[in-house]
Novice: 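Okay, handing you the structure first.
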Amino acid sequence: MEISAKYDPSQTESKWYKYWLDRGFFHSEPNDKEPYTIVIPPPNVTGVLHMGHMLNNTIQDVLVRRARMSGKNACWVPGTDHASIATEAKVVAKLKAEGIEKSDITREEFLSHAWEWKEKHGGIILEQLKKLGASCDWERTSFTMDPQMSKAVINTFVHYYKKGLIYRGVRMVNWDPEGQTAVSDEEVIHKDTPSKLYYIRYYISENGIASDKFVEIATTRPETIMADTAVCVHPMDERFNWLKGKKVLIPLINKEIPVIEDEYVSMDFGTGCLKITPAHDINDYEIGIRHNLPVVDILDNFARLNEKAIILVGEDRFIARKRVVMMLAESGNMVKEEPYNSQIGYSERTNAVIEPRLSLQWFLKMDQASKPALAYVMEDKIKLIPDKYRNTYRHWMENVKDWCISRQLWWGQQIPAWYLPDGKYVVASNLDDAHKEALRIDSSVTKEQLRQDSDVLDTWFSSWLWPISVFDPEKPGFPDREPNRELSYYYPTNDLVTAPEILFFWVARMVMAGHEFCGDIPFKNVYLTGTVRDKLGRKMSKSLGNSPDPIKLMEEYGADGVRLGMLLCSSAGNDILFDESQVEQGRNFSNKVWNAYRLVKGWSIDPDAFQPNQSAIAVKWFENHLSQSIEIINDHFDKFRLSDALMLLYKLFWDDFCAWYLEIIKPAFGKGVDSETHKQTIIFFDQLTRLLHPFIPFITEELWQGLSKREINESVMTAQMPTAQLYSTDFISSFNMAKSAIVNIRSIRQAKGISPKEPLTLFVKGSLHEDMNSIVCKMANITSVMDMSKKGDSVSGSSFMVETTEFFVPLEGMVNVQEELTKIDAELKHLEGFLKSVNAKLSNEKFMASAPEQVVEIELKKRSDATIKIEKLKKLREELSR
RNA sequence: GGGAGCAUAGCUCAGUUGGUUUAGAGCAUCUGCCUUACAAGCAGAGGGUCGGGGGUUCGAUUCCCUCUGCUCCCACCA
């Protein structure tokens with residue numbers, strides 16, 4: 001059958017994915033084998049595949065496929081995250097487009113819309129992962145809002161509440177006026193934002209009437225002056241001695257507020273006088289507590305001014321700012337404004353400017369939980385790769401603050417707290433239990449009177465249970481309960497592959513939950529990928545439009561090509577600057593593999609042919625070289641150096657197997673290949689496809705199936721990964737000398753314009769093993785290799801040295817003596833410089849005294865080699881110039 | 001403002017406890033080839049005073065200090 005000269009991934013990829021899927025190769029059940037487990041970082045249920053997912057999931061797939069082929073019971077658990085705020089925002093937007101306001105429908109109605117949306121869009125990203133070749137155990141697909149997963153979340157909440165670690169309190173939280181919810185500190189992104197510093201004049205009050213004296217304060221938020229409850233100076237600031245104990249009037253509303261003293265104020269910033277707005281600034285809030293100041297909250301949920309502002313009621317905060325500035329100017333209270341850059345917090349999800357706001361929220365105490373979680377990493381029980389993240393991790397864990405776990409949303413697990421009519425509350429995992437608890441407080445309360453807290457839990461409060469709850473949803477919340485069979489088999493998982501951005505959001509919290517409920521780490525290694533950027537180093541984003549569509553890329557270059565292209569240039573923790581030329585390189589490699597297959601399959605076997613000497617040598621070399629390479633690859637994998645392992649395989653296949661091995665054993669045109677060589681070649685090819693399979697699963701399956709006759713239901717993905725055998729480094733270096741000689745001869749041909757088709761002879765003096773002669777003859781088109789002594793006096797030719805072995809290629813009438821001399825002189829100069837530096841070391845007494853023996857030996861060898869080479873070159877030079 | 005990291009060939013990166021022939025790879029570049037597996041290819045070649053300066057050492061790309069330039073994280077001095 002004719003095989004196409006170009007590999008066409010579209011002919012193979014979906015076929016083999018279906019083959020694997022149909023035979024249940026991705027599925028894992030606990031058995032006697034050693035488990036190898038990865039849980040996927042669950043992507044947002046409504047998300048679509050982006051380049052970051054491609055990188056992240058390719059890495060996971062490589063690890064899982066390799067583990068599976070190494071005899072482990074590999075299990076990769078997929079799933080999605082309900083992503084409360086992101087999904088809710090999308091559903092709200094979708095309803096709005098249909099003319100439905102969230103405020104006009106009930107919670108139940110909203111949730112049914114949300115589930116509908118989830119059913120429609122929820123599977124997309126997982127389907128896209130299949131195109132990439134992800135060998136997830138799809139039968140285990142989980143969703144963080146599956147009923148049993150939600151139950152685990154509720155039990156967890158009840159557990160921590162009973163333990164006294166969950167509390168409810170009024171705190172300054174990050175309010176997202178667009179998302180209409182509180183968000184955690186980690187979900188706030190501070191960006192340097194140009195704004196203005198306004199200097200405003202507050203007149204001193206004399207019995208409520210403005211005097212002619214005043215004080216200036218500086219603020220970036222003039223719209224909040226109506227919420228001021230004091231003006232503050234530093235107690236040591238003598239400039240304001242006259243002011244202390246006085247009262248001032250808030251401009252525009254003429255409200256009298258006291259002047260207080262607090263060391264928080266910096267004397268050298270602004271005017272040294274600070275307005276205190278406890279409701280709208282975290283520091284002011286704390287000062288307010290110290291000085292017993294009232295809190296005046298002038299903003300509503302939408303960050304519009306409310307009636308407490310007295311003026312501009314109903315205006316948005318930013319419009320109010322402009323208007324207040326104008327009004328202050330008119331009233332003569334505005335002294336000046338200067339440009340000022342400040343760090344403004346933005347919501348990660350909605351990009352709205354975060355409003356610090358006092359509200360009643362649920363919190364989880366973190367100080368105790370963080371300690372063991374920190375210890376696991378510091379004691380290397382959990383390895384972070386690369387380990388530079390240990391510092392970052394420690395810093396965060398040592399400064400962790402209580403976790404605000406309530407969100408004012410509907411999409412998520414509703415907080416299991418029920419309020420009694422008098423405002424007291426009970427926490428229980430369901431209404432019945434809550435009622436029992438409530439009866440203890442009020443024996444007359446009915447079930448119907450209980451009202452559940454309307455907030456839901458932060459999404460991370462469910463995903464931090466992920467490595468536990470995907471196996472045993474009954475376990476979270478019950479540290480003492482025996483783990484089920486699945487959990488005790490698969491947990492702790494092996495590797496977690498994720499982005500450094502969520503090291504704290506997610507990774508650290510999984511460690512805490514793992515410790516709390518299982519008394520053990522959730523995973524052994526955390527591989528942190530870099531961020532995928534464009535080639536200018538910019539983050540990929542929708543607004544820049546610099547993100548390629550992964551699906552289109554896979555259609556154009558093949559999933560294998562994309563996987564390879566991404567992985568070639570991505571070491572752990574390093575950002576990858578993505579360029580389409582990389583996937584092109586990936587595709588080219590697929591094509592190379594394809595064509596090697598075409599060549600080998602095109603050969604006919606000649607049963608009568610003897611194995612030529614060069615083929616026997618090539619087989620022996622490749623056997624040795626392959627074992628050595630496998631050893632290095634294993635080492636790379638042990639250290640999570642995936643791109644190094646891949647690069648080595650890339651060269652092993654392209655250069656060593658194709659350019660050297662196959663070229664050596666290639667039979668003459670029209671001739672068949674002997675059966676011994678053919679047999680060995682198929683074995684090598686088979687081993688190479690297995691080694692390559694974790695990286696490029698589709699094409700390796702396609703070729704592996706065709707290499708030999710396979711049993712029904714056989715697959716390269718369930719075949720054994722080749723292991724290293726004993727090998728001889730001496731033999732490998734002896735072969736390498738032949739390779740160097742060949743390259744030198746080809747180089748001479750190129751320099752002299754001699755066609756590869758024109759045969760040459762070669763003279764050798766030194767240690768080229770005679771077994772290698774046949775290799776040199778075939779690869780450099782040499783008719784015979786002779787001892788230098790047979791050369792005679794002729795100097796018409798070109799010489800070169802490999803290590804200390806001399807080679808000479810006679811080139812009658814083609815040699816320019818001057819050119820040869822120049823070449824030799826250049827090499828002599830280099831060698832003499834080298835020798836000089838070596839001699840300098842060896843004649844240095846301190847070096848001889850303190851350098852290790854080995855190092856001295858190496859230097860001595862360097863000296864003797866260089867000396868021999870110089871002697872030989874000088875002799876050659878003499879002969880030539882005669 | 002505090003902390004961490006990075007700086008090696010045109011580009012992307014290796015360089016494993018300081019010594020392995022006076023720095024390696026892939027891509028890109030240049031030269032010659034349509035050689036009957038592959039032009040998405042073959043063969044060959046060029047290219048770096050390891051960011052600047054100082055120090056420790058017999059010896060520094062590797063360790064220390066400093067400067068410069070980037071990156072990231074944490075931090076709400078209005």
Side-chain angles (χ1 to χ4, degrees), chain A residues 3 5-7 174 188 190 197 217-221 232 264-266 268-271 273-277 281-284 340 342-345 354 356 386 388-389 391-392 395-396 399 500-501 503-504 531 535 537 561 568-571 573-577 579 581-582 584-585 587-602 635 639 641 643-644 647-648 650-651 658-659 662-663 666 669-670 743 746-751 753 755-757 803 830-831 833-834 836-838 840-841 844-852 854-856 858-859 861-863 865-866 869:
Chain A
I3 307 173
K6 294 260 188 292
Y7 171 58
N174 307 298
V188 179
H190 289 94
L197 193 56
I217 59 99
T219 181
T220 53
R221 300 204 58 189
C232 187
Y264 169 78
V265 182
S266 356
D268 53 2
F269 187 88
T271 61
C273 185
L274 175 66
K275 77 188 195 72
I276 305 296
T277 321
D281 184 284
I282 178 74
N283 294 306
D284 291 11
Y340 183 72
S342 59
Q343 294 289 316
I344 305 283
I354 290 295
K388 65 177 176 184
Y389 286 107
N391 281 333
T392 326
H395 185 258
W396 191 76
N399 296 286
E501 292 99 272
L503 190 57
F504 313 130
T531 309
K535 60 178 162 181
L568 268 175
C569 54
S570 58
S571 50
N574 272 8
D575 285 357
I576 92 160
L577 302 189
D579 186 61
S581 67
Q582 288 154 0
E584 205 177 300
Q585 193 186 350
R587 176 202 58 183
N588 293 355
F589 183 69
S590 301
N591 200 48
K592 185 71 188 178
V593 177
W594 178 257
N595 274 291
Y597 178 80
R598 277 182 74 205
L599 175 69
V600 172
K601 288 309 273 189
D635 185 53
K639 292 168 180 147
R641 301 205 293 225
S643 56
D644 289 339
M647 181 48 74
L648 194 137
Y650 179 94
K651 287 189 282 186
C658 294
L662 290 180
E663 289 299 334
K666 200 180 197 171
F669 184 62
V743 168
R746 286 170 175 173
S747 179
I748 291 168
R749 285 183 187 275
Q750 169 96 356
S755 161
K757 287 172 186 162
E803 289 166 34
H830 172 262
L831 278 169
F834 176 69
K836 204 176 147 193
S837 82
V838 174
K841 272 192 207 177
N844 183 323
E845 279 174 34
K846 284 185 176 170
F847 172 77
M848 296 305 282
S850 46
Q854 261 180 313
V855 174
V856 176
I858 290 164
E859 293 301 318
K861 174 92 165 73
K862 281 187 198 173
R863 174 158 75 182
D865 283 0
K869 277 181 119 170

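This one's a predicted model, so the numbers in the text were calculated from it and none came from an experiment. Below, read A as the first sequence line, B as the second, and so on, with proteins coming before strands; counting in each chain starts at 1.
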Novice: Let me know the distance between CG of A/Asn595 and P of B/rC38, rounded to the nearest Å.
Specialist: 6 Å
Novice: What string of B, S and - do you get for nucleotides 3-15 of chain B, 5' to 3', if B is base contact, S is sugar-phosphate-only contact and - is no contact with any protein heavy atom under 4.0 Å?
Specialist: -S-------SSSS
Novice: Which value, in whole Å, describes the distance between the P atoms of nucleotides B/rC74 and B/rC63?
Specialist: 27 Å
Novice: Would you measure the distance from the C1' atom in B/rG10 across to the matching atom in B/rG47 and give it in whole Å?
Specialist: 9 Å
Novice: Between atom CD in A/Glu584 and atom C1' in B/rG26, what is the gap in whole Å?
Specialist: 14 Å
Novice: Is any side-chain N or O of A/Glu663 under 3.5 Å from a base N or O of B/rA37, one able to act as donor and the other as acceptor?
Specialist: yes
Novice: When the C1' atoms of B/rA25 and B/rG18 are compared, how many Å lie between them, rounded to an integer?
Specialist: 23 Å
Novice: At what distance, to the nearest 0.5 angstrom, does CE of A/Met848 lie from CD of A/Glu859?
Specialist: 9.5 Å
Novice: Check the distance between B/rA40's P and A/Lys592's NZ and give it to me in whole angstrom.
Specialist: 13 Å
Novice: Could you work out the separation of B/rU16 and B/rU62 based on their C1' atoms and round it to a whole Å?
Specialist: 11 Å
Novice: Of all heavy-atom pairs between A/Thr271 and A/Ile217, which one has the smallest distance, and what is that distance?
Specialist: OG1-CA, 3.6 Å
Novice: Can you see which heavy atom on A/Val188 is nearest to which on A/Gly345, and at what distance?
Specialist: CG1-CA, 3.7 Å
Novice: Mind checking the CZ-CG spacing from A/Phe589 to A/Leu568? Nearest 0.5 Å is all I need.
Specialist: 9.0 Å
Novice: When you measure from the side chain of A/Arg863 to the backbone of A/Val838, do you find a donor-acceptor pair of N or O atoms at a distance under 3.5 Å?
Specialist: no
Novice: Return the value, rounded to whole Å, for the distance between atom CG of A/Asn591 and atom C1' of B/rA37.
Specialist: 10 Å
Novice: With a 4.0 Å cutoff (strictly under), does any side-chain N or O of A/Lys666 reach OP1 or OP2 of B/rA37?
Specialist: yes
Novice: A/Asn588 side chain: which of B/rG41, B/rG44, B/rG19 is closest?
Specialist: B/rG41
Novice: Taking the C1' atom of each, how far is B/rA23 from B/rC13, in whole Å?
Specialist: 14 Å
Novice: Return the value, rounded to whole Å, for the distance between atom CZ of A/Arg598 and atom C1' of B/rA40.
Specialist: 13 Å
Novice: Determine: side-chain N/O of A/Lys651 to OP1/OP2 of B/rG24, distance under 4.0 Å, yes or no.
Specialist: no
Novice: At 4.0 Å (heavy atoms only), tell me whether A/Lys6 reaches a base, stays on the sugar-phosphate, or touches nothing.
Specialist: base
Novice: When rounded to the nearest Å, what value does the distance between P atoms of B/rU31 and B/rU36 take?
Specialist: 23 Å
Novice: Within the distance-only criterion (no hydrogens, no angle test), does the side chain of A/Gln582 pair as donor or acceptor with the backbone N or O of A/Leu577 below 3.5 angstrom?
Specialist: yes
Novice: If I take atom OG1 from residue A/Thr220 and atom CG from residue A/Asp281, how far apart are they, to the nearest 0.5 angstrom?
Specialist: 8.5 Å
Novice: Provide a list of protein-nucleic acid N or O atom pairs under 3.5 angstrom, restricted to nucleotides 30-33 of chain B.
Specialist:
residue, atom, partner, partner atom, Å
B/rU31, O2, A/Gln750, NE2, 2.7

Novice: Could you give the distance separating B/rG54 and B/rU17 at their P atoms, to the nearest angstrom?
Specialist: 28 Å
Novice: Would you tell me if any nitrogen or oxygen in the side chain of A/Tyr650 comes within less than 4.0 Å of OP1 or OP2 on B/rC27?
Specialist: yes
Novice: For a quick check of understanding: with a heavy-atom distance under 4.0 Å over all strands, which category does A/Asp865 fall into, base, sugar-phosphate or nothing?
Specialist: base
Novice: Have a look at A/Pro852 and say if it touches a base, only the backbone sugar-phosphate, or nothing, with a 4.0 Å heavy-atom cut-off.
Specialist: base
Novice: May I ask you to decide if the ring planes of A/Trp594 and A/Tyr7 are parallel, tilted or perpendicular, using 30° and 60° as cut-offs?
Specialist: tilted
Novice: Just how far is it from atom NZ of A/Lys6 to atom CZ of A/Arg587, taken to the nearest 0.5 Å?
Specialist: 8.5 Å
Novice: Could you tell me the separation between the OH atom of A/Tyr389 and the C1' atom of B/rC74, rounded to a whole number of Å?
Specialist: 14 Å
Novice: I need the A/Asn283 CG to A/Tyr264 OH distance, nearest 0.5 Å.
Specialist: 3.0 Å
Novice: Is A/Arg746 near enough to B/rG44 that one of its side-chain N or O atoms lies under 4.0 angstrom from OP1 or OP2?
Specialist: yes
Novice: Show the distances under 3.5 angstrom between N or O atoms of the protein and N or O atoms of nucleotides 75-78 of chain B.
Specialist:
residue, atom, partner, partner atom, Å
B/rA75, N6, A/Gln343, OE1, 3.1
B/rC77, O2, A/Ser266, OG, 2.1
B/rA78, OP2, A/Tyr340, OH, 2.6
B/rA78, O3', A/Thr220, OG1, 3.4
B/rA78, O2', A/Ala218, O, 3.0
B/rA78, N6, A/Ser266, O, 2.9
B/rA78, N6, A/Phe269, O, 2.6
B/rA78, N1, A/Ser266, N, 3.4

Novice: Counting the atoms with a prime plus P, OP1 and OP2 as sugar-phosphate, which does A/Tyr597 contact under 4.0 Å by heavy atoms, base, sugar-phosphate, or nothing?
Specialist: nothing
Novice: Which atom names give the shortest non-hydrogen contact between A/His395 and A/Asn399, and what distance separates them?
Specialist: O-ND2, 2.7 Å
Novice: Base, sugar-phosphate or nothing for A/Ala866? Non-hydrogen atoms, less than 4.0 Å.
Specialist: nothing
Novice: Tell me the interatomic distance from A/Lys841, atom NZ, to B/rA60, atom C1', rounded to whole angstroms.
Specialist: 11 Å
Novice: Taking A/Asn591's backbone N and O only, do any of them form a donor-acceptor pair with A/Asn595's side chain (distance below 3.5 Å, no angle check)?
Specialist: yes
Novice: Does a side-chain N or O of A/Asn844 approach OP1 or OP2 of B/rG59 to a distance below 4.0 Å, or not?
Specialist: no
Novice: Both distances under 3.5 Å, Watson-Crick or G-U wobble: report the partner of B/rC72, or none.
Specialist: B/rG3
Novice: Could you please name the partner base of B/rU22, counting Watson-Crick and G-U wobble pairs only when both distances are under 3.5 Å?
Specialist: none
Novice: With both distances under 3.5 Å as the test, what is the Watson-Crick or G-U wobble partner of B/rU56?
Specialist: none
Novice: Report the distance from atom CG of A/Leu648 to atom CZ of A/Arg641, rounding to the nearest 0.5 Å.
Specialist: 11.0 Å
Novice: If pairing requires Watson-Crick or G-U wobble contacts with both distances under 3.5 Å, which nucleotide is the partner of B/rU31?
Specialist: B/rA43
Novice: Considering only atom C1', compute the distance from B/rG2 to B/rC76 and round it to an integer number of Å.
Specialist: 15 Å
Novice: Salt-bridged, A/Lys869 to A/Asp865, with N to O below 4.0 Å?
Specialist: no
Novice: Quick check against the 3.5 Å criterion: does A/Ser342 have a side-chain atom that pairs as donor or acceptor with the backbone of A/Ile344?
Specialist: no
Novice: At under 4.0 Å between heavy atoms, what does A/Gly833 touch on the DNA or RNA strands: base, sugar-phosphate, or nothing?
Specialist: base
Novice: Taking atom P of B/rC58 as reference, at what distance in whole Å does atom CD of A/Gln854 sit?
Specialist: 21 Å
